[in-house]
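Reviewing the structure listed below.
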Amino acid sequence: MPAIVGVTCGDAFLERSAEGVPNRPHAALKQDYLDAVARAGAIPLVVSPEATPATDLVVSRIDGLMLVGGLDVDPANYGEAVLNDTVDPSPQRDALELALLQSALSRRVPILAICRGHQLLNVARGGTLWQDLPTQRPDGLGHSQRGDPHSAGHVVQIAGGSLLHRIVGSERLDTNSFHHQAVRRLGQNLRPTARTSDGLVEALEDPTHRFVLGVQWHPEEMLNHPQHRALFAAFVQAVEEQAGGETR
Ligand code: MN
């Protein structure tokens, strides 16, 4: 029986309707996320903000949790005001995903947190974010690459002995980069396990869990590279072990 991975829904958008018909909001999720989970052998199950009142029930019925990219984490969650108009908070997703995270952490369900998810993992543990890298760290690398999302925008250096290092099997990894925010002060019990040359945290792990991994880049867009495919394979393997180890 395949394992089930809860995948959070992306941000809603307004469909452009025909003239005279009002635009209607659509829930949306980049197909790459679903493909990445399915190709690794698990069933992706989309979890929308309507599940917020029942996140513990949802987490009791999934074997793994994947948080995906999207709009910004509301700075109110780490005690700051919005820095400038580049910051585009998504409070509905914050509420859903913070509750899912808390439940998944307490049930020790494997977690893969991508981009916004990686940042949210840090905030959930009491950490803070750079709200806008070009404003607050103007001398850093460019983290909003232009052009092909399937190709690398920068290199990350991976810490030896980390889960990430075991998965990708090297100390350097070419990754894409599509973020204007990033981890600033580290959350509790999180280990930074990848950094770019400007010192930015590009991966986080909780070493006390079997699989709690945040990555700032988008591995779901780099499935043509074996090391990025390996991330989903390792995640789904941990998810399958979780599914097999539970009494149902
Ligand atoms: Mn980056």
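For ligands, and for the atoms within them, numbers begin at 1 and follow the listed sequence.
A side chain to side chain contact (heavy atoms under 4.5 Å, CB included) with S177 is found for exactly one of H218, Q145, Q216, namely Q145. For the side chain to side chain contact (heavy atoms under 4.5 Å, CB included) criterion with D72, the lone passing option out of D88, T86, V82 is D88.
H154 and T196 are not linked by any side-chain donor-acceptor pair at a separation below 3.5 angstrom, with hydrogens and angles left out of the test.
The two residues L204 and L190 have their closest heavy-atom pair at CD1-CD1, 4.0 Å. In terms of heavy atoms, H143 sits closest to L200 at NE2-CD2, 3.4 Å.
Nearest N, O or S atom of H143 to the Mn ion (ligand 1): atom ND1. As for E202, its N/O/S atom nearest the Mn ion (ligand 1) is the one called OE2. Between the Mn ion (ligand 1) and the N, O or S atoms of H154, the shortest distance is to NE2.
Taking the Mn ion (ligand 1) as the apex, the angle formed with OG of S177 and NE2 of H179 is 90°, to the nearest 10 degrees.
Backbone or side-chain N, O or S atoms of T175 do not reach the Mn ion (ligand 1) at under 2.8 Å.
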